[in-house]
Amino acid sequence: MRGHDSLSFSVSLPDIANCYATILHRLATSRGPTSLLRRLRAVHAHILATGFKPRAHILNRLIDLYSKFGDLPSARRLFDATFAHRRDAIAATSLITAYSAGGHLESARQIFDHTPLAFRDTVFYNAMISSYSRALEGPAAIALYRHMLDDRVDRDSYTFTGVLSAAGAILPLELTHCQQLHCAVVKSGTEEAISVSNALIALYAKCEAPEAAAYARQVFNLMPERDELTWTTMVVSYVRRGHISKARQVFDEMDGRFDVVWNAMISGYVDHGLFSEALKMFRQMSCIGIPLDEFTYTSVLSACANSGLFNHGKSVHAHIIRAGPDFDPQAALPVENVLVTLYSKDGKVDVARRIFNDIWMKDIVSWNAMLSGYLNSRRIHDAVHIFRDMPQKNQLTWMVMISGYLHNGLAEEGLKLFNCMREEGVKPCDYTYAGTIAACGEIGALEHGRQLHAQLIQLGYESSNSAENALLTMYAKCGSVDAAHLTFLTMPNVDYVSWNAMIAALGQHGYGVEAIDLFDQMIKDGIQPDRISFLTVLSACSHAGLVDEGFEYFNSMERDYGISPGEDHYTKLIDLLGRAGRIDEAWNVIKSMPCAPGPAIWEAVLSGCRIHGNMSLGKHAAEQLFKMIPEHDGTYVLLSNIYAAVGQWTDVAKVRKLMKDRGVKKEPGCSWIEVTNKVHVFLVNDTTHPHVQDIYKFLDILGVKMRKLGYVPNTKFVLHDVVAEQKEYVLSTHSEKLAVAFGLLKLPAGATVRVLKNLRICGDCHSAIMFMSLAVGREIVVRDGKRFHHFKNGQCSCGNYW
DNA sequence: ATAGGGTTAG
C-alpha cells in the first residue's frame, strides 16, 4: 500500500492519469486505522507539484475522498476552484452527502440550489432526499420528490427508500399517507428492491394506527426474498406495538445469527418489562456465539437496572471490562450512561458518580442519569449542582428535577422550577405536567392546579394517562372529590393507577363504603389489583370503620391475588383494628408478622391505644417508637401524652424537660380529631385550652353542631360527637396536622408561626389551612424553617425568607 | 456520487 504514495515520473501522461485513478480508488476502498486523509493530501500535493491537469473524474474522486475523510473545507475549496463555471453533479453529490452527514443541512441545500437543472440527475436528487431523511425533515424530502417529477428526472429504488424513511419522521403519521406512498412505490415498480420493501415495513411500523401492523405484515409476506434487515424491521414493527409474542414468532422463523435482530428482540423485552426474557436471550446469545456489541450490553444492563438485578448487572459490567474496550468511546457512551443508572438505582450513587466522571464526552443522557441518581438518593444538594452545571437541558431534565423536588418534600421548589422552565421557553411534555400537578396536590394549591388543567387541555394532553391520573389525585388532595370523580369519569383511558387514585380519593374523604364499592367494581371490570390497591382499600375501610371487610380484603390479598402483604399492609390492618378498639387482635397480628415491627406499626398501635385507653400497651408502643426514632419531635409529644394519660407525672416531667432542652414545641391543647362523614368524634384533653376554644368557635362558624359524650374512663379526655349537617364542610386529614391548623386561627392576621418538624406543611395540612383561611376570611402566614407559606383569598404563595 | 434496522436518562 505504502508504495503508492511515492511515484516515479518516467511514465506518459495517460498513464499518470491511470496511476492517480488507481491510487485514489485504492484509497477509497481501503480500510484501517492508518491516516487515509494524510495519504490523500500527499497524492493531491503530488498532482499539484507535477503540474498535471487532472480531468473531471480524478477531480470528482478527490472531492469525494476529501468529503469522506472529513476534510470538508478542502473538498469545498477544490469544488469551488474547479467547478465555478461548469457545475458537476457527481462532485456536488459527494459534497451534499458530506455536509448533511456533518449536520450542515443548509450548506448541502446551497450546493443543491447552485447546481443548474440540466446537471441534476437521479443520484444527485437521491443524495439530497436522503440528507433530509437523515435530518428527519420528512416534508422537505417529499417536496423534493415532487420536484423530481416536475423536472422529469427518473426515480429509482434509492429515491423511494429515501422518501419512505423520511416520511417516517412526519408526526402524526397518518395511515392514508403511508398508503399513498405505498401506491406510488407500486406504480414505480421499485418494491422489488429489498431496501424499498424494508423501508415500507419500517414506515408502517412507525404509524400508530392499529391496521398499519397488517399492512407491514402484508409487505413482508409478499417479498420474494428477504435480508437480515427485513427480519429486523418486521420484529421491530411488532415490538413497537407491544405485540411481543408476534415479534418472537417472526424472530423464531428466521434462521439467523444476525446480532441486530437479537438486539431488537432484547430491547423489546426490556421496553415491555419482560426483563427475565431479555436476560435469557442474552445468555443464549453468548452461548451460541452471536457477537455481543454495545447495543446488546446497553439493553441488558438496562434490564438489570430496571428489574433490580444489580448483582447480575455488575457481572455484565465485569464481563465488558474483561472483554476489553474494543468499541470506540462514542459507541461506549450509552453503555456508560446505563451504568450510571444501574449503580445509582443500586444505591451506590458515588460509584455512579465515578463512572460519570470518567465519561469522555458526556451527553445530555449522562447528565440526566446522574441528576436522577442524586434525586433518588435524596441528595438534593448534589442534584442542584448537577442541574446548575449541565451544559444543556431538555424536557426530561426539567421533569426529573421538578418531580425530584416533589419526592423530596420540596413541592414549592418544584412549582417554581416549572415557572422557570416556561420562562425559558421550554415546552413541557405531559409527564412534566403530571409531576407539576402532583406538586400542586402535595401543597394544596388548587387554583394553580386548575390553571395547569386548563393548559393541559389547550395543549391537547388530555389523553395522557399520567397527566390525567395526576389531576385526579391533585383534586382529591385539594379536597375536591367531585372534581376528582369527574376527572375519573371523563378520562379517555382508565388504568389501574386511575382506579387506585379514585378509590384513595373516596377513602381519604370518608366515603369508605363508596371506596370499597369502587374496589369491587374494579375487580369486576377485570382490572388486576396491585399492592397499592390493597393499601388504599385498607385505609378506606379504616376510615369508615369497616373492620371485618378490611380484614377480609387483607386475607384475600395473598389467597386470591398472590400479593404477599408488606409491612405497610400490616400497618394499615393494625390501624384498622386499633381504631375499632380490637387491640388484642392487633397484638396477635403483630406477633404473627413475618418481620419485626417497625416505627409505623408502633405508631398505629399507639394511636389505637390512645383512642381506647389501653394504656399499658400504649406505653409499650410509645417506648418502642421512642427507641427507634428518638429524634422525631412527634414522638416526644406522643410519649408525654401517654405518660400523662396513665398518670405517670414524673415521667411526663422528664419528657417535657427533654423537649424543652431540644427546643420541641409543646403539644397543642387538642390532641386528636377525626372527622369523617360517618363518625365525627373529637377528643380534647383540656376544654379550657385557648386552641380548643377556637375549634369550638370555628365549628360554630361552620354550623357544625356537637354534643359532649362524656369523659374517657381513667383519663382527662373529653369525647365529643360532632354532628355535621353541612356535608361540604367535612374535612378529612391527619389529626395532629389539623389541630395545628386550628390553632393558627387564634393568631393575629399575618402572624408568623413555627411549625413542629414532624408537622411539615404537607398537602393535608396545607388544604386545611387554606380552607380555614377562606372560611373565616383571614390571611395566614406559616413559617416552616426558612420557608414561608402565605394563604390569602384561596391562594397560597410560597417563598424563602432569605 | 445516493438508500433501509437495533442502544442509554423518567
Side-chain angles (χ1 to χ4, degrees), chain A residues 28 57 60-61 63-64 67-68 88-98 100 121-131 133-134 156-166 168 190 193-203 205 227-237 239 258-268 270-271 293-302 305-306 327 331-342 344-345 363-373 375-376 394-404 429 431-432 434-435 466:
Chain A
H57 71 279
N60 286 341
R61 183 68 105 173
I63 290 167
D64 185 45
S67 303
K68 286 212 173 78
D88 184 282
I90 293 178
T93 305
S94 301
L95 268 177
I96 286 170
T97 307
S100 77
D121 61 8
T122 303
V123 180
F124 174 80
Y125 264 105
N126 290 348
M128 195 63 225
I129 287 174
S130 60
S131 295
S133 157
R134 214 188 330 245
D156 64 2
S157 66
Y158 283 80
T159 318
F160 284 97
T161 311
V163 169
L164 290 172
S165 99
T190 51
I194 295 183
S195 73
V196 175
S197 285
N198 287 351
L200 254 178
I201 296 171
L203 183 70
D227 66 3
E228 293 162 331
L229 295 187
T230 316
W231 292 99
T232 312
T233 318
M234 200 59 231
V235 165
V236 170
S237 168
V239 161
F258 183 45
D259 54 343
V260 176
V261 196
W262 286 76
N263 289 344
M265 203 58 232
I266 289 179
S267 73
V270 174
D271 280 350
D293 62 8
E294 67 270 20
F295 291 91
T296 329
Y297 289 129
T298 314
S299 299
V300 164
L301 286 170
S302 163
N306 287 310
F327 28 74
L333 183 60
V335 181
E336 290 168 312
N337 288 343
V338 76
L339 282 171
V340 170
T341 305
L342 178 82
S344 49
K345 284 207 172 158
D363 67 356
I364 178 88
V365 179
S366 330
W367 286 93
N368 284 343
M370 199 62 239
L371 181 69
S372 67
L375 286 168
N376 291 333
N394 62 8
Q395 273 190 348
L396 190 82
T397 317
W398 292 92
M399 195 204 84
V400 167
M401 196 67 209
I402 289 170
S403 46
C429 65
Y431 287 103
T432 319
S466 50

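Below, chain A is the first sequence line, B the second, and so on; all start at residue 1. Quick note: numbers below take in every heavy atom, side chains included, and nothing from hydrogens, waters or symmetry partners.
- Here the straight-line distance linking atom CE of A:Met234 with atom OG of A:Ser197 works out to 12.0 Å at 0.5 Å rounding.
- A:Ser131 contributes a side-chain N or O that, together with a main-chain N or O of A:Ala127, makes up a donor-acceptor pair within less than 3.5 Å.
- Note on A:Asp121: a base of the nucleic acid sits closer than 4.0 angstrom, heavy atoms only.
- Residue ring and base: A:Tyr158 counts as stacked with B:dT2 (centre distance below 5.5 Å, interplanar angle below 30°).
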Side chain to side chain donor-acceptor pair (under 3.5 Å) assessment of A:Ser165 paired with A:Ser133: CA-CA 6 Å; A:Ser165 99; A:Ser133 157; 2.5 Å; yes
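- Contact annotation: A:Arg134 side-chain N/O to B:dT2 OP1/OP2 distance is not under 4.0 Å.
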Please step through side chain to side chain donor-acceptor pair (under 3.5 Å) for the pair A:Ser94 and A:Ser67, ending with a clear verdict. CA-CA 7 Å; A:Ser94 301; A:Ser67 303; 5.4 Å; no
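- Side chain of A:Ser237 to main chain of A:Thr233: no donor-acceptor pair is present (N/O by atom type, distance under 3.5 Å, no hydrogens or angles).
- Nearest to the side-chain atoms of A:Ser302 among the listed nucleotides B:dA9, B:dT7, B:dT2 stands B:dA9.
- The interatomic distance linking A:Trp367 (CH2) with B:dT8 (C1') rounds to 17 Å, in whole Å.
- Taking every side-chain heavy atom of A:Thr341 into account, B:dG10 is the closest of B:dG10, B:dG4, B:dT2.
- Counting only N and O atoms by type, the side chains of A:Asn394 and A:Asn368 include a donor and acceptor under 3.5 Å apart.
- Side-chain contact of A:Asp156 with A:Thr159: a donor-acceptor pair under 3.5 Å is present, judged by distance alone.
- Of the candidates B:dT8, B:dG5, B:dA1, B:dG5 carries the atom nearest the A:Phe258 side chain, counting heavy atoms from C-beta on.
- When the C1' atom of B:dT8 is taken as reference, atom CD1 of A:Ile266 falls 15 Å away, rounded to whole Å.
- In this structure, A:Ser267 reaches the B:dT7 phosphate: one of its side-chain N or O atoms is under 4.0 Å from OP1 or OP2.
- No donor-acceptor contact under 3.5 Å links the side chain of A:Ser94 to the base of B:dA1.
- Looking at A:Asn368, its side chain has no donor and acceptor atom pair within 3.5 Å of the base of B:dG10.
- Rounded to a whole Å, the OH atom of A:Tyr125 is 16 Å from the C1' atom of B:dA1.
- In this structure the side chain of A:Asp227 reaches within 4.5 angstrom of the side chain of A:Asn198, judged on heavy atoms.
- Between B:dG10, B:dT8, B:dG6, one nucleotide has an atom nearer to the side chain of A:Val236 than all others, and that is B:dG6.
- Comparing B:dG6, B:dT8, B:dG10 against the side chain of A:Asp259 picks out B:dG6 as the nearest.
- The base of B:dA1 has none of its N or O atoms less than 3.5 Å from a complementary donor or acceptor on the side chain of A:Asn126.
- Following rounding to the nearest Å, A:Asn337 (CG) and B:dT8 (P) show an atom-to-atom distance of 11 Å.
- Rounded to whole Å, atom C1' of B:dG4 lies 11 Å from atom CG of A:Leu200.
- Rounded to whole Å, atom C1' of B:dG10 lies 5 Å from atom CG of A:Leu396.
- With hydrogens and angles left out, the side chain of A:Asp227 and the base of B:dG4 share a donor-acceptor pair within 3.5 Å.
- Closest contact between the side chain of A:Ser299 and the listed nucleotides B:dG4, B:dT7, B:dG6 involves B:dT7.
- For A:Pro334, whose side chain is taken as the heavy atoms from C-beta onward, the closest listed nucleotide among B:dT7, B:dT2, B:dA9 is B:dT7.
- Side chain to side chain, A:Ser302 and A:Asn306 meet the donor-acceptor criterion of an N or O pair below 3.5 Å.
- Here A:Ile194 lies in heavy-atom contact (under 4.0 Å) with a base.
- The nearest whole Å value for the distance from the CG atom in A:Asp293 to the C1' atom in B:dG5 is 12 Å.
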Given Watson-Crick or G-U pairs with both distances under 3.5 Å, what dot-bracket string fits DNA chain B, with | for other-strand pairs and [ ] for crossing? ..........
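- In this structure, the CE atom of A:Met370 is 15 Å from the C1' atom of B:dT8, given to the nearest Å.
- Heavy atoms of A:Val400 sit under 4.0 angstrom from primed sugar atoms or phosphate atoms, though from no base atom.
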